[in-house]
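Everything quoted here is computed from the prediction, not taken from an experiment. What's counted below: heavy atoms across the whole structure, side chains too, no hydrogens, waters or symmetry copies.
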There are 2 protein chains.
Amino acid sequence: MAGSEPPPPLSPALTRNQGLVLDLLRTVGEPLGAYAILDRLRSQGLRAPAQVYRALDRLAALGLVHRLETRNAFVACTRGAHPPQVTVFVLCDRCGAARELADDGHTAALAALARRAGFQVLGGRIELRGLCGRCGRMAASESPDDEDPGP
Amino acid sequence: MAGSEPPPPLSPALTRNQGLVLDLLRTVGEPLGAYAILDRLRSQGLRAPAQVYRALDRLAALGLVHRLETRNAFVACTRGAHPPQVTVFVLCDRCGAARELADDGHTAALAALARRAGFQVLGGRIELRGLCGRCGRMAASESPDDEDPGP
DNA sequence: GGCGGAACCGTTATATTATAACATAACATT
DNA sequence: AATGTTATGTTATAATATAACGGTTCCGCC
């Protein structure tokens with residue numbers, strides 16, 4: 001139909017839906033559930049969960065997004081290409097932020113530990129929960145109560 | 001065998017529903033979803049998901065069962081009392097078995113790593129997926145195909 | 001011996017997350 | 001053009017999890 005070609009944001013080798021989902025996650029920077037993604041992409045024409053899940057499956061297989069199992073949410077990878085699963089996530093209980101850290105060899109060491117028990121490791125990602133720096137300081141200094149992080 | 005020796009099952013301080021769920025998980029030995037637990041306890045009078053989830057919440061808080069985030073399933077703890085989360089799970093993709101291993105200090109080391117990034121760790125459990133010894137051998141020797149573990 | 005509170009219980013209803021299944025469209029390769 | 005492959009759009013449904021309500025039991029206590 002109309003000559004509508006959105007060239008700038010989309011990453012190459014990705015289909016339209018995959019590009020939309022990846023762009024959104026990169027822009028937002030924090031974890032989003034599949035239905036939150038869907039809601040934000042309705043204006044771009046997405047209508048059904050399956051469309052989002054399919055795009056997420058592909059992006060995850062490419063290592064461009066990671067699934068956070070403890071939150072049932074998805075986040076764009078913030079480290080360049082990295083060998084499969086050499087990454088640790090830390091997730092803030094208070095503000096929901098997710099941060100991806102280099103795992104410093106722990107995943108490999110854990111795989112070796114498992115192997116000693118006769119188990120062959122094929123995957124797995126480490127997710128730790130707690131408080132990010134900002135929320136930790138607020139919780140410690142202000143008082144032992146619960147508030148949203150301010151502006 | 002029968003006699004009158006029920007020493008392993010019911011833990012003290014548990015309510016009826018909690019005891020039923022814990023016994024079931026201990027007997028089965030492998031991870032079960034909440035609805036699978038419910039189905040197997042209908043004969044004991046349980047009827048609604050909330051009953052199972054409540055029992056599981058309490059048992060998890062006591063450290064008697066663990067939740068496997070990557071499977072949305074629950075498994076009885078196989079190691080005696082242990083400090084919070086000093087445990088690694090390895091989960092077999094093929095037969096579904098779960099095994100709990102001592103973490104050899106990795107969780108603590110990871111917490112230290114996170115702390116260096118300004119993050120205060122409050123919890124988290126490591127789950128690795130792959131093949132257990134038995135399934136790994138079958139996959140390697142027999143052929144590169146997919147069968148259920150024998151009877 | 002009756003009164004509050006706490007913890008658990010059972011139940012219904014609903015929210016949230018994820019897949020199945022199927023027909024169509026787009027595109028590259030023959 | 002016929003074909004195979006991949007992605008798409010759509011509907012329906014499965015699987016997992018929680019909210020909300022009222023009732024019961026038990027325990028401490030005055």
Side-chain angles (χ1 to χ4, degrees), chain A residues 1-6 10-25 30-62 64-75 91 93 96 98 127 129, chain B residues 10-25 30-62 64-75 91 93 96 98 127 129:
Chain A
M1 302 283 205
S4 42
E5 269 308 307
L10 298 192
S11 307
L14 296 182
T15 67
R16 168 178 159 82
N17 288 356
Q18 291 159 12
L20 288 170
V21 170
L22 180 56
D23 277 356
L24 173 62
L25 286 176
E30 60 187 24
L32 288 181
Y35 282 74
I37 293 171
L38 176 57
D39 282 345
R40 300 196 189 207
L41 292 179
R42 278 189 201 283
S43 56
Q44 316 294 315
L46 293 213
R47 291 157 173 272
Q51 298 175 287
V52 172
Y53 280 106
R54 283 198 283 235
L56 287 169
D57 284 350
R58 181 93 171 96
L59 292 170
L62 294 172
L64 295 172
V65 313
H66 299 301
R67 180 195 175 109
L68 301 177
E69 302 281 0
T70 52
R71 288 200 192 291
N72 294 323
F74 303 84
V75 68
L91 309 172
D93 285 347
E127 299 176 25
R129 44 160 290 274
Chain B
L10 295 194
S11 308
L14 296 182
T15 67
R16 168 179 160 81
N17 288 357
Q18 291 158 14
L20 288 170
V21 170
L22 180 57
D23 276 357
L24 174 62
L25 287 176
E30 59 187 24
L32 288 180
Y35 282 73
I37 293 172
L38 176 57
D39 283 345
R40 300 195 188 207
L41 292 179
R42 279 191 200 282
S43 56
Q44 316 293 315
L46 293 214
R47 290 159 174 270
Q51 297 175 286
V52 172
Y53 280 106
R54 282 198 284 237
L56 287 170
D57 284 350
R58 181 94 173 93
L59 291 169
L62 293 172
L64 296 172
V65 313
H66 299 300
R67 181 195 175 108
L68 301 177
E69 302 281 359
T70 52
R71 287 199 192 292
N72 293 324
F74 304 84
V75 67
L91 310 173
D93 284 348
E127 300 177 24
R129 45 161 288 275

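With sequence neighbours excluded, the residues that form a side chain to side chain contact (heavy atoms under 4.5 Å, CB included) with A:Ala34 are A:Val52, A:Tyr53, A:Leu56, A:Phe74. Judged as a salt bridge (Lys or Arg N to Asp or Glu O under 4.0 Å), and not counting sequence neighbours, the contacts of B:Asp93 are B:Arg129. B:Asp39 meets the salt bridge (Lys or Arg N to Asp or Glu O under 4.0 Å) test with B:Arg42; sequence neighbours excluded.
Between A:Asn72 and D:dA17 there is no side-chain polar atom (N or O) within less than 4.0 angstrom of OP1 or OP2. The phosphate of D:dT6 has neither OP1 nor OP2 within less than 4.0 Å of any side-chain N or O from A:Thr15. For the OP1/OP2 pair of D:dT8 and a distance below 4.0 Å, the side-chain nitrogens and oxygens of A:Asn17 include at least one atom meeting the criterion.
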Report all side-chain donor-acceptor pairs from residues 43-50 of chain A shorter than 3.5 Å, counting only partners two or more places apart or in another chain.
none

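Residue pairs meeting the salt bridge (charged side-chain N to carboxylate O under 4.0 Å, His left out) criterion with at least one member in residues 66-75 of chain B, sequence neighbours excluded: B:Arg67-B:Glu69.
In this structure, A:Arg71 places its CZ atom 16 Å from C1' of C:dT16, rounding to the nearest Å. Rounded to an integer number of Å, the gap from CG of B:Leu38 to P of C:dT11 is 12 Å.
Heavy-atom distances under 4.0 Å link DNA chain D to A:Arg47, A:Ala48, A:Ala50, A:Gln51, A:Arg54, A:Arg58 of residues 45-59 of chain A, given in residue order.
On a pure distance criterion of 3.5 Å, a polar donor-acceptor pair joins the side chain of B:Tyr35 and the base of D:dA17.
Judged purely by atom type and a 3.5 angstrom limit, B:Glu127 uses its side chain to pair as donor or acceptor with the backbone of B:Thr70.
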